Amino acid sequence: MATKKTSSKSTKTTKSSSSNSSKKTVWGLNKISFWTIVAVTFLYAVSLILTAIDANKLNTVITILQGIAAAVMIGIVAVLAWRYVRPKQMVWKVLYVICLLIVIVAIILPMCF
């Protein structure tokens, strides 16, 4: 009986350790997501103000700010998506790369024309 209690006790300790480490990761991820939204909001607000004052000369700056904001958000989502796809089969990884390339081209192409 003594051995059963000891083994179940060590199992409980291991489970609580792993759950604590995952909570820290989620908290970090939540914090990063929040501050990214704050930064992107700032970029879009500056872009909106420049558009509202009709700064035609600054039109390229507005477009660049919006592109940077979108790129930052896509970058964070791409990292999270890779964490999901990494342990999966090769088909998932290929789909991930194709989707990421299409999104990158969709951001860069309008900035060039």
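Worth saying up front: this structure is predicted, and the values here are computed from it rather than measured.
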Fill in: Considering all heavy atoms, the nearest Lys93-Lys88 contact
CE-O, 3.6 Å

Practice prompt. With rounding to the nearest 0.5 Å, note down the distance linking OH in Tyr44 to CD1 in Ile49.
Written response: 15.0 Å

Item to complete: Please check if atom CH2 in Trp92 has more than 12 non-hydrogen atoms from other residues, nucleotides or ligands closer than 6.0 Å.
Response: no

Practice prompt. State plainly whether one hydrophobic cluster holds both Val38 and Val40, where clusters connect Ile, Leu, Val, Met, Phe, Trp and Tyr through side-chain heavy atoms under 4.5 angstrom apart.
Written response: no

Worksheet item: Transitively linked via ILVMFWY side-chain contacts under 4.5 Å: Val77 with Ile98?
Response: no

Practice prompt. Kindly compute the distance separating CG (Leu48) from CD1 (Ile53), expressed to the nearest 0.5 Å.
Written response: 10.5 Å

Fill in: Heavy-atom closest contact (Tyr96 atom, Ala78 atom, distance)
OH-O, 2.9 Å

Worksheet item: How many angstroms lie between atom CG of Leu43 and atom CE of Met73, to the nearest 0.5 angstrom?
Response: 9.5 Å

Fill in: Verify same cluster id: Val79, Val97 (apolar side-chain graph, 4.5 Å)
no

Worksheet item: Do Leu101 and Tyr84 sit in the same hydrophobic cluster, where Ile, Leu, Val, Met, Phe, Trp and Tyr count as joined when their side-chain heavy atoms come under 4.5 Å apart?
Response: yes

